[in-house]
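Okay, so here's the structure we're looking at.
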Amino acid sequence: MGKKMRLILVILLCTLVMGNEVLANNIDENNFTYEDNRANEIDLLLGEKYSFKDFEHVVKKLYPEVTLNLIDEIKLIHVELPAYVGIEDFIYNDDIEPFIEAHGKLPELSVPQSPLANIDIDKLAGTRIDQRQKRLSNEELFDTLAWHVDEITNNRKSLDISKGEGTQIAIIDSGVDINHPFLKDRINIEKSQSYVTEDSSINDCNGHGTEVAGIIGQIAPEAEMTIYRVIDAETGESEWTIEALIQAVNDGNHIINMSLGTYKCEDIESELLTIEAFERAIEYADTKGSLVVASAGNKAIDLDQYYETEHIKHLPGGIDKAITVSAINEDSIASYSNYGSNIDFCAPGGDIVYVEGLLDLNQWIYCLYPTNMDNGLSSLGVPQGYTFNCGTSLAAPAVTACFADILSYQLKNEQDVDKNSMVEIIIDGARDLGVTGRDVYYGYGVIDIYAALTSLQ
């Protein structure tokens with residue numbers, strides 16, 4: 001279905017206030033921030049050769065009141081010290097220091113609101129919807145406007161072959177609107193859980209997780225999604241994210257979507273802790289057969305050069321054993337998308353495009369949005385429960401759903417299932433963009449689910 005059949009929605013740009021750079025910064029849902037409000041707490045990684053029991057025995061003998069919380073699979077320990085014990089005294093104690101490979105404080109994380117939140121609704125242009133579209137239900141309109149689905153499924157042909165049945169997908173994000181009509185019966189409520197302190201609900205009060213789930217639901221509609229909520233309205237903890245990743249693996253999820261990320265410098269000891277903790281968690285997922293798909297980030301930077309000059313890594317997308325996804329729009333790298341040698345695949349993520357000074361939402365992706373949150377677009381005819389957004393966060397779940405469709409077909413047809421072979425199948429089906437072969441912008445190319453599936457028939 002061509003773009004002429006899609007909603008034509010144009011936003012007036014207040015050019016003196018906003019520009020491409022501002023919007024690009026605002027859509028960076030892959031930026032973690034940290035505030036030191038845990039003065040007498042420390043996180044640490046044990047050396048691989050040491051056991052937690054031995055460490056605990058030494059610590060409790062010296063400091064009986066210390067609280068130790070362990071993520072056993074990667075030997076990550078959160079330490080809460082009593083007021084009379086200084087952090088440096090603890091870390092550099094002669095009996096304790098040999099156990100510790102890295103230490104620091106895992107940072108808080110945040111997922112900013114959609115860029116639309118920064119635009120005055122009074123300055124938005126009206127919508128123009130053709131008569132046929134006006135007669136559509138909300139879900140039918142959601143389907144009609146899904147140009148991003150058409151581009152990677154050969155106009156939905158792949159959905160005639162596989163819809164993700166029998167696969168389990170973990171979404172580590174801000175939760176989800178379980179009452180959204182589109183998501184009902186697609187979520188495993190029993191296994192889903194929240195890591196947000198003092199809030200056991202998986203309800204999405206940010207919007208980001210619901211957007212991600214909607215993309216997966218469009219491309220792998222029969223896959224089962226399990227939600228691991230690690231972000232509240234604005235912030236969360238990296239420790240929650242790592243815990244959720246480990247639990248998602250232990251719950252048997254085949255594919256884990258992480259449309260999140262952080263930038264950390266390996267020369268700073270406290271940040272090295274975060275790098276190594278994520279590396280251990282991704283390694284654990286790999287050894288257990290779970291595939292982690294991560295977004296590349298939205299800073300429009302060359303991640304290789306960033307690492308070379310600043311020794312800063314993007315996590316988890318910069319970890320070798322994660323599948324990292326950049327965003328494209330109309331077969332070109334999106335203006336905000338990070339790039340580098342870590343990119344494996346690309347997928348549609350929309351882009352920030354201006355036409356005669358106007359911001360054109362035709363180039364953005366029409367997404368789900370929590371039904372209990374005001375999308376701020378009702379005066380433009382956009383129904384509650386839906387919105388527009390763009391970013392690598394929306395490209396990653398498209399690739400996640402692609403893997404689910406491939407795996408589903410293999411399981412249904414009793415083919416040998418191997419994580420590495422699935423990657424090769426998608427590589428073979430991918431449509432090459434840019435220079436011939438793998439490159440830093442598009443990886444192996446834009447995913448083509450139909451081509452990948454037909455190669456298996």
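- Scored by the side-chain hydrogen bond (donor to acceptor under 3.5 Å, both in side chains) test, Gln410 finds no partners at all (sequence neighbours excluded).
- Looking at heavy atoms from C-beta onward, Ile219 lies in side-chain contact with Ile152 at the 4.5 angstrom threshold.
- Between Met258 and the options Leu315, Leu245, Ile171, a side-chain contact (heavy atoms from CB on, under 4.5 Å) holds for only Leu245.
- Using a distance-only test at 3.5 Å, with no hydrogens or angles considered, a donor-acceptor pair links the side chain of Thr392 to the main chain of Gly297.
- Under a 4.0 Å N-O distance rule, the pair Lys184/Asp177 does not qualify as a salt bridge.
- With respect to Tyr450, the side-chain contact (heavy atoms from CB on, under 4.5 Å) criterion is satisfied by exactly one of Ile161, Leu159, Thr153: Ile161.
- The side chain to side chain donor-acceptor pair (under 3.5 Å) pairs that include a residue from residues 423-445 are Asp331-Arg431, Asp344-Arg438, Arg438-Tyr444, where partners are two or more places apart or lie in different chains.
- Between Val292 and Val249, every side-chain heavy-atom pair lies at or beyond the 4.5 Å cut-off.
- With sequence neighbours left out, the side-chain hydrogen bond (donor to acceptor under 3.5 Å, both in side chains) criterion links Ser341 to Asp304.
- The shortest side-chain heavy-atom distance between Leu45 and Ile100 does not fall under the 4.5 Å cut-off.
- Two residues are said to be in side-chain contact when any heavy atoms from C-beta on lie closer than 4.5 Å; Ser192 and Ile187 meet this criterion.
- One N or O on the side chain of Asn413 and one on the backbone of Tyr409 form a donor-acceptor pair closer than 3.5 Å.
- Minimum interatomic distance between Ile87 and Asn40 (heavy atoms only, all atoms of both residues): CG1-OD1, 4.0 Å.
- Asn253 and Ser290 are not linked by any side-chain donor-acceptor pair at a separation below 3.5 angstrom, with hydrogens and angles left out of the test.
- Counting heavy atoms from C-beta on, the side chains of Asp418 and Asp416 never come closer than 4.5 Å.
- The backbone N or O of Lys105 sits nowhere less than 3.5 Å from a side-chain atom of Asp43 that would complete a donor-acceptor pair.
- Side-chain atoms of Asp204 come within 3.5 Å of backbone atoms of Thr210 as a donor-acceptor pair (strictly under, hydrogens ignored).
- The side-chain hydrogen bond (donor to acceptor under 3.5 Å, both in side chains) test applied to Ser51 returns Asp54, not counting sequence neighbours.
- No more than 12 heavy atoms of other residues, nucleotides or ligands sit less than 6.0 Å from atom NZ of Lys163.
- Inter-residue side-chain proximity for Asn372 and Asn203 is flagged as met; some heavy-atom pair is nearer than 4.5 Å.
- Other residues, nucleotides and ligands contribute more than 12 heavy atoms inside 6.0 Å of the CD atom of Gln457.
- Side-chain atoms of Val446 and Ile328, non-hydrogen and from C-beta on, do get closer than 4.5 Å to each other.
- Checking side-chain atoms of Asp173 against main-chain N and O of Gly175 turns up no donor-acceptor pair under 3.5 Å.
- With respect to Lys321 and Glu283, a salt bridge is recorded, a charged nitrogen being found less than 4.0 Å from a carboxylate O.
- In this structure Lys419 satisfies the salt bridge (charged side-chain N to carboxylate O under 4.0 Å, His left out) test together with Asp286, sequence neighbours excluded.
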Inset, instruction - Determine, step by step, whether His208 and Ser393 satisfy the side-chain hydrogen bond (donor to acceptor under 3.5 Å, both in side chains) criterion, reporting the C-alpha distance in whole Å, the side-chain angles of both residues, the deciding distance to 0.1 Å, and the verdict. - result: CA-CA 9 Å; His208 191 266; Ser393 280; 3.0 Å; yes
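- Annotation: ring-ring contact (aromatic ring centres under 6.0 Å, His included) contacts of Phe52 (sequence neighbours excluded): none.
- Put simply, the side chain of Thr324 gets close to the backbone of Gly317: a donor and an acceptor are under 3.5 Å apart.
- With sequence neighbours left out, Gln384 forms a side-chain hydrogen bond (donor to acceptor under 3.5 Å, both in side chains) with Asp374, Asn375.
- Between the CD1 atom of Ile406 and the CD1 atom of Ile425 there is a distance of 6.0 Å, given to the nearest 0.5 Å.
- Taking CD of Gln193 as the start and CD of Glu243 as the end, the distance is 9.0 Å to the nearest 0.5 Å.
- Side-chain contact check for Gln363 and Asp351: no donor-acceptor pair (N or O, by modelled atom type) lies under 3.5 Å.
- Because its NZ or CZ atom is both nearer than 6.0 Å to the ring centre of Tyr263 and within 45° of the ring axis, Lys299 counts as a cation-pi partner of that residue.
- Taking Asp267 as the reference, Cys265, His311 meet the side chain to side chain contact (heavy atoms under 4.5 Å, CB included) condition, with sequence neighbours excluded.
- Among residue pairs with one or both ends in residues 93-103, those qualifying as side chain to side chain donor-acceptor pair (under 3.5 Å) are Glu101-Arg280, His103-Glu269; sequence neighbours excluded.
- The stretch residues 221-232 participates, sequence neighbours left out, in these salt bridge (Lys or Arg N to Asp or Glu O under 4.0 Å) pairs: Asp199-Arg229.
- Counting heavy atoms from C-beta on, the side chains of Tyr50 and Pro98 come closer than 4.5 Å.
- Pairs engaging residues 166-191 under the ring-ring contact (aromatic ring centres under 6.0 Å, His included) rule: Phe142-Phe182, His180-Tyr386 [sequence neighbours left out].
- One distance of note links CZ of Phe403 with CZ of Phe345; it measures 5.0 Å at 0.5 Å rounding.
- At a cut-off of 3.5 Å, with distance as the only test, a side-chain donor of Asp251 or Tyr228 sits close to an acceptor on the other residue.
- The main-chain N or O of Asn154 is never found under 3.5 Å from a side-chain atom of Asp448 such that the two would form a donor-acceptor pair.
- Separating the CG atom in Asp72 from the CG atom in Leu70 is a distance of 4.5 Å, to the nearest 0.5 Å.
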Inset, instruction - Give the intermediate values and the outcome of side-chain hydrogen bond (donor to acceptor under 3.5 Å, both in side chains) for residues Gln168 and Asn188. - result: CA-CA 9 Å; Gln168 300 176 55; Asn188 186 326; 5.6 Å; no
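- For the pair Ser408 (side chain) and Glu165 (backbone), a donor-acceptor distance under 3.5 Å is present.
- With hydrogens and angles disregarded, a donor-acceptor distance shorter than 3.5 Å links the side chain of Tyr336 to the backbone of Gly391.
- For the residue pair Asp302 / Tyr307, no side-chain donor-acceptor distance below 3.5 Å is found, with atom types taken as modelled.
- In this structure, CD in Glu48 is found 10.0 Å from CD1 in Ile74, a value given to the nearest 0.5 Å.
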When the side chains of residues 56-65 are checked against the rest of the protein, which donor-acceptor pairs come out under 3.5 Å, sequence neighbours left out?
residue: Lys60; atom: NZ; partner: Val66; partner atom: O; Å: 2.3

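- Of the possible donor and acceptor atoms, one in the side chain of Ser337 sits under 3.5 Å from a partner among the backbone N and O of Ala327.
- Once rounded to the nearest 0.5 Å, the distance linking CG of Asp185 with CD1 of Ile178 reads 11.5 Å.
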